[in-house]
2 protein chains.
Amino acid sequence: MSSLRDVAERAQVAVSTVSAALNGTRPVAPATKRRIEQAAAELGYRPNLLARGLQSKRTRILALLFPAPRSGFGLTEMQFATGAAEAAKELGYHLLLSPESAEPIDELRHITGLGLVDGVLLMEVRMDDERTEFLSAAGVPFSMIGRTRDPGSVDYADIDFAATAREAVAHVSGLGHRTLAFFNLSTDLYADGYGPATRMGEEFAAAAREAGLGYVDGFRPGSAEEGRQAFDRLLELHPEVTALAVMDDHAAVGVLAGVAARGWRVPEHLTLLLVLSSAQAAAMFHPRLTTLEPPSAELGRLGARMLIDRLDGAGPPQQRLVPCRLVPGDSSAAPRSGA
Amino acid sequence: MSSLRDVAERAQVAVSTVSAALNGTRPVAPATKRRIEQAAAELGYRPNLLARGLQSKRTRILALLFPAPRSGFGLTEMQFATGAAEAAKELGYHLLLSPESAEPIDELRHITGLGLVDGVLLMEVRMDDERTEFLSAAGVPFSMIGRTRDPGSVDYADIDFAATAREAVAHVSGLGHRTLAFFNLSTDLYADGYGPATRMGEEFAAAAREAGLGYVDGFRPGSAEEGRQAFDRLLELHPEVTALAVMDDHAAVGVLAGVAARGWRVPEHLTLLLVLSSAQAAAMFHPRLTTLEPPSAELGRLGARMLIDRLDGAGPPQQRLVPCRLVPGDSSAAPRSGA
DNA sequence: TTGTAGGCGTTATCAG
DNA sequence: CTGATAACGCCTACAA
């Protein structure tokens, strides 16, 4: 690899001039500049990021803290990562994939202590998240995909749960349904303070109330089996339910099994919505489920972008909420008559 | 961040002594060493990776070239990434996620020209892949997840397609089936020279022949609709088929629809296998499909590990094949009578 | 066993 | 407008 010195020699100028010419960091005579640029091109010169980073204290590398793959689908996490990586790349940054161990704080201490990254991108943020406190205290710039209970002035990009719930409710009530049920994420995740579980639950309740829709919740099935059971119990307790929104993919499988078991069909007897799952996953179902697809790649993109904004200069904290997109499937229709 | 100099001052020794003590790169008197270690601990000293890399020409960073998310599920790619990242971490390396643009070669030139990474991890390798030629020519160490038609002496970890096909065939013929059909990946992927499409196709044919099983292939449905059509045509042309192996998730959805449409059920009338899809995805189906799950995380892990081996020292090229794991679902059974 | 000196490639400062 | 020089933090000779 050729260095600044090689270019300098070839162009017959001093190293510092080459640097200046290439970075536009100080005026350089047009002729000299041209000579330098040509020499650089001929040598295929590429600035060494390490040297640059050592000198400037800025590596233009971001770390994405990556949680150990949970049950769920993982597709969403993947899209965070690719979205963030793409945005980073567009802005001249790189993304380091940092798998999170059992000791996230040690992990953070390690990765930030190396001087390798300029900032950290957090995902799978819980309502109360020790990682944010550590990073704040350590003075490490970071942004979140998701958000804590009280994000303060930390940059974040999260789902607009309220808007998403409203859209779902509008969809369902527009079809004529009078009662909506909601299956939250698994008890484990919910108890863990996983943001989407808490917030989506709250917002669905609020949206239904606002719309004057009957509403049933309290179920948290995390598997097909649990989904099946929850569905049976739901209809036992609330036979008037004609529409159901489910957050867990696997639970939805169970619900469909339950529907079939009682000789019902979707959407004729039940309108079924998948919430916070990818359209990809929804297309695995038969019939294809109507989905509220999270803007995962977009959130990743935003998270990276706002972190870079913060690194490149101050500015007010950016806090963005993006609603899910309603992807119509073949699982929503008018309520069954007689309900 | 405290530097070597800070530690040296605190321990009242020269910088080089600190370096030596901490790296064990030359003998240091026990007493001095202890003093140094304590000083380092007290200051929370962490070696600066950039400085170290600049000096040693080794960054201990690997780039994972990440293709733009294809149709398919993406879960597999994600597991490559996490597997690789985990293995890298265990071995003291870091993984850079490098999204691949429309111009993969430029991308490679860029990422390797920066001096930022020691080596490159390739995935989604096609039978003929220009990237491998570029990297070889450029003298950049790399390993592949997957492999080209002729991998030469390049390190790779790939699926053991032959063993996988044999296991699938054994499973099916063990149940008593006499004729197996195979739906390959989409025409596009196949035409693209995507390794798994080519190889799995060949190996299934070979395994069936070996086992004396009737075999039908030539279908390449890439969507639910195409899967449905392919299934109808398959039974029209080969009504004797009782078992079907499908590579594309979406095509499987279509097949199930076709099964239902003719009043059939899985597995009573058709044994359905999902090939190269995750058990996660298989669990989305009803009934849960028997799956040949690719060892994605393991391949990622291996790919990273062998690249690191190569960087850390020579040794013969490592070329590993890992078979898929057969995850039994509720979609395989004895053939329908009367077939 | 320990210290000094030089250099990795870059940028910033300060003279010229 | 341009050139020398000194960092950045580390490692590896070489010298003491």
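As the structure is a computational prediction, the values presented were derived from the model and not from experiment. Order of the sequence lines sets the chain letters (A, B, ...), proteins ahead of strands, with each chain counted from 1. Computed over heavy atoms, backbone and side chain alike; hydrogens, waters and symmetry mates excluded.
- Scanning all heavy atoms of the two residues, the minimum distance from B:E124 to B:R131 falls at O-NH2, 3.2 Å.
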### Message
The test is side chain to side chain contact (heavy atoms under 4.5 Å, CB included); show your working for B:M123 and B:L64 and say whether it passes.
### Response
CA-CA 8 Å; B:M123 52 189 275; B:L64 175 68; 3.9 Å; yes
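- The nucleotide whose nearest atom lies closest to any side-chain atom of A:N48 is, among C:dT2, C:dG9, D:dT2, C:dG9.
- For C:dG9, neither phosphate oxygen OP1 nor OP2 lies less than 4.0 angstrom from any side-chain nitrogen or oxygen of A:R52.
- Taking all atoms of both residues into account, the shortest heavy-atom contact from A:P323 to A:D160 is N-CB, 3.5 Å.
- At the phosphate of C:dG9, OP1 or OP2 sits under 4.0 Å from a side-chain N or O atom of B:K57.
- Counting atom types as modelled, B:Q55 pairs no side-chain N or O with a base atom of D:dG9 as donor and acceptor under 3.5 Å.
- The shortest distance between the side-chain N/O atoms of B:N23 and the OP1/OP2 oxygens of D:dC11 is below 4.0 Å.
- Nearest heavy atom pair, residue B:I61 against residue B:Y93, reads N-CD2, 4.1 Å.
- For the pair B:L54 and B:A29, nearest-nucleotide mapping onto DNA chain C gives the more 5' position to B:A29.
- At a threshold of 4.0 angstrom between heavy atoms, the contacts of B:V15 with the nucleic acid are absent.
- Of the side-chain N and O atoms in A:S56, none sit less than 4.0 angstrom from OP1 or OP2 of C:dT11.
- In this structure, the CZ atom of A:R46 is 12 Å from the P atom of C:dT10, given to the nearest Å.
- Checking the phosphate oxygens (OP1, OP2) of C:dC8, no side-chain nitrogen or oxygen of A:S3 falls inside 4.0 Å.
- Note: CG (A:L49) to P (C:dC8) measures 18 Å, nearest angstrom.
- Annotation for B:K89 and A:P99: closest pair NZ-O, 3.1 Å, computed over non-hydrogen atoms.
- Counting non-hydrogen atoms under 4.0 angstrom, B:R58 reaches nothing in the nucleic acid.
- As a whole-Å value, the separation of B:R60 CZ from D:dC10 P is 16 Å.
- Note on B:L4: only backbone sugar-phosphate atoms sit closer than 4.0 angstrom, heavy atoms only; bases stay farther off.
- Closest to the side chain of B:P27, out of D:dC10, D:dG3, C:dT1, is C:dT1.
- Spacing between atom CG of B:L50 and atom C1' of D:dA7 amounts to 15 Å, rounded to whole angstrom units.
- Closest to the side chain of B:R5, out of D:dG3, D:dC8, C:dT10, is D:dC8.
- A donor-acceptor contact under 3.5 Å is formed by the side chain of B:S16 with the base of C:dT4.
- The phosphate of C:dT11 has OP1 or OP2 within less than 4.0 Å of a side-chain N or O from A:S19.
- Between the CZ atom of A:R34 and the C1' atom of D:dC1 there is a distance of 15 Å, given to the nearest Å.
- Within the structure, every side-chain polar atom (N or O) of B:T25 is placed at least 4.0 Å from both OP1 and OP2 of D:dC11.
- For D:dG3, the base has a donor-acceptor partner in the side chain of A:R26 [N/O atoms by modelled type, under 3.5 angstrom].
- Taking atom CG of residue B:L22 and atom C1' of nucleotide D:dG9, one finds them 13 Å apart after rounding to whole Å.
- Taking atom CG of A:D6 as the reference point, atom C1' of C:dC8 lies 13 Å away to the nearest angstrom.
- Atom CD of A:Q12 and atom P of D:dC1 are 21 Å apart (whole Å).
- Across every non-hydrogen atom of B:F66 and B:A81, the tightest pair is CE1-CB, 4.0 Å.
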